[in-house]
Every structure is written in C-alpha cells, then in structure tokens.
Amino acid sequence: QVQLVESGGELVQAGASLRLSCAASGRSFSSYSLGWFRQAPGKERDFVAAISWSGGSTYYANSVKGRFTISRDNGKNTVYLQMNGLKPEDTASYYCAADIAAYGLRDRSTYEYWGQGTQVTVSS
C-alpha cells in the first residue's frame, strides 16, 4: 500500500512558477514509478509527467514539455513537479499517482495509487 498526499497548489498569475510536492507513505517507495496528472472541470484526467523508479527516465505531455520538470527524492519519499511559465490553460487539479509498473506510464489506467489532488489556478 502507498498513500500519496499532494501539496503546493495555489492561485498564481500567468508566467509564474510553482512546485508541487507529493509525499508518499508506505513501503518500497523507490520501487514505484510515479506520475502527475491533471483534471480541469468537465474534462478528463490527463497525463502531465512521469518518472521511473530510478529517476533515470522521465516523460512529459507535449503541452508541458520544456516548462515542467518532474523529479523524485527517494530518500524523502517525495516526487516533485516544477512548473514554470504557467499559463491559464494549466489551471486544474493536479494528482500524483504511483504504480509498480515500468511501462505505460502515460496512461492513467496504469496507476493503482492516487492522491487527493491539489488545485492550481493560473489567472491571466
């Protein structure tokens, strides 16, 4: 079992930066692949970024590539999402997810464990 708690979301202006954190509890955090997804009102939950168990491989949605960076600290059982150059279209609830799988990390159905989400609102 893995429990995930996101934090760091807030209201910011366009162009600002935010860093989201997702703290995990449970065993074998370093064995899990981790992902960030986001969901705007009335829309599906979409892939944002993912990172392999070792941190050696990262994956990004085209819409955030070059602006967002995912990283993990296995010593702190935490995964981060650094978001730069935020745009109004980045407004959503952001969720972190974890799974033992090493493939299919862009697909939300891959992930067994999910956090409750943190709200990011970007004003224009």
Side-chain angles (χ1 to χ4, degrees):
Q1 282 281 1
V2 176
Q3 291 81 43
L4 303 170
V5 179
E6 303 94 336
S7 62
E10 61 180 90
L11 170 63
V12 297
Q13 290 191 333
S17 296
L18 277 178
R19 188 176 79 160
L20 304 184
S21 300
C22 176
S25 59
R27 299 173 61 182
S28 304
F29 173 82
S30 60
S31 300
Y32 287 84
S33 299
L34 301 164
W36 284 97
F37 289 76
R38 65 187 181 186
Q39 188 169 18
K43 296 190 176 181
E44 293 188 348
R45 190 170 295 187
D46 292 331
F47 170 74
V48 175
I51 189 166
S52 63
W53 65 271
S54 67
S57 296
T58 56
Y59 311 88
Y60 296 94
N62 288 336
S63 59
V64 306
K65 197 174 295 182
R67 299 188 297 125
F68 291 10
T69 303
I70 188 171
S71 62
R72 65 189 296 163
D73 185 336
N74 286 343
K76 295 182 178 180
N77 282 13
T78 301
V79 60
Y80 304 98
L81 185 68
Q82 177 67 43
M83 306 187 295
N84 299 328
L86 282 162
K87 304 175 181 180
E89 51 263 44
D90 295 318
T91 295
S93 293
Y94 283 72
Y95 299 87
C96 70
D99 200 87
I100 201 71
Y103 301 98
L105 300 185
R106 296 175 182 270
D107 187 346
R108 65 178 183 265
S109 67
T110 296
Y111 296 87
E112 181 174 5
Y113 303 105
W114 290 85
Q116 293 300 306
T118 186
Q119 178 67 35
V120 173
T121 304
V122 184
S123 65
S124 58

Closest non-hydrogen contact found for Val79 with Ser71 is CG2-O, 3.1 Å

Is it the case that more than 12 heavy atoms not belonging to Gln116 sit under 6.0 Å from its CD atom? no

On a heavy-atom basis, the closest approach of Tyr32 and Val2 is CZ-CG2, 3.5 Å

Between Arg38 and the options Leu20, Val120, Val64, the side chain to side chain contact (heavy atoms under 4.5 Å, CB included) test singles out Val64

Open item on the list: Please determine whether side chain to side chain contact (heavy atoms under 4.5 Å, CB included) holds for the pair Leu11 and Gln119, giving the CA-CA distance in whole Å, both sets of side-chain angles, and the decisive distance to 0.1 Å.
Closed with: CA-CA 8 Å; Leu11 170 63; Gln119 178 67 35; over 6 Å; no

In this structure, CD1 of Ile70 is separated from CD of Gln82 (nearest 0.5 Å) by 12.0 Å

Heavy-atom closest pair (Phe29 atom, Asn74 atom, distance to 0.1 Å) is CE2-OD1, 3.2 Å

query: Does Thr78 reach the main-chain N or O of Ala23 with its side chain, forming a donor-acceptor pair under 3.5 Å?
result: no

*State, with a plain yes or no, whether a side-chain heavy atom of Leu86 is found less than 4.5 Å away from one of Gln13.*
no

Judged by atom type as modelled, is there a donor-acceptor pair below 3.5 Å linking the side chain of Thr110 to the main-chain atoms of Gly104?
yes

Here the gap from Asp46 atom CG to Arg108 atom CZ, rounded to the nearest 0.5 Å, amounts to 7.5 Å

So does Asn77 get a backbone contact from the side chain of Arg72, meaning a donor-acceptor N/O pair under 3.5 Å? no

Q) For Cys96, does its backbone N or O pair with a side-chain atom of Glu6 as donor and acceptor, under 3.5 Å? A) yes

Rounded to the nearest 0.5 angstrom, the OG-OH distance for Ser52 and Tyr103 is 10.5 Å

Next item on the list: Apply the test side chain to side chain contact (heavy atoms under 4.5 Å, CB included) to residues Cys22 and Trp36: give CA-CA distance (whole Å), side-chain angles for both, the deciding distance (0.1 Å), then the verdict.
Entry: CA-CA 9 Å; Cys22 176; Trp36 284 97; 3.7 Å; yes

For Thr58 and Gly55, the nearest pair of non-hydrogen atoms, with its separation, is CG2-O, 4.5 Å

Asn84 (side chain) donor-acceptor with Ser17 (main chain) under 3.5 angstrom
no

Of Leu81, Asp99, Ile51, the one forming a side chain to side chain contact (heavy atoms under 4.5 Å, CB included) with Leu34 is Ile51

Exercise. Could you go through the side-chain hydrogen bond (donor to acceptor under 3.5 Å, both in side chains) check for Ser93 and Gln39 one step at a time?
Key: CA-CA 5 Å; Ser93 293; Gln39 188 169 18; over 6 Å; no

**Prompt:** Is it true that Tyr94 and Tyr80 fall in one hydrophobic cluster, defined by side-chain heavy atoms closer than 4.5 Å?
**Reply:** no

Excluding Tyr59, membership of its hydrophobic cluster (Ile, Leu, Val, Met, Phe, Trp, Tyr; side-chain heavy atoms within less than 4.5 Å) reads Phe37, Phe47, Tyr95, Leu105, Tyr111, Trp114

query: Under a 4.5 Å cut-off applied to non-hydrogen side-chain atoms, are Leu18 and Phe68 in contact?
result: no

Is the closest side-chain heavy-atom distance between Asp90 and Arg67 below 4.5 Å? yes

Nearest heavy-atom contact between Ala14 and Ser124 is CB-CA, 4.4 Å

Is it true that a side-chain atom of Ser33 and a backbone atom of Ala101 form a donor plus acceptor pair closer than 3.5 Å? yes

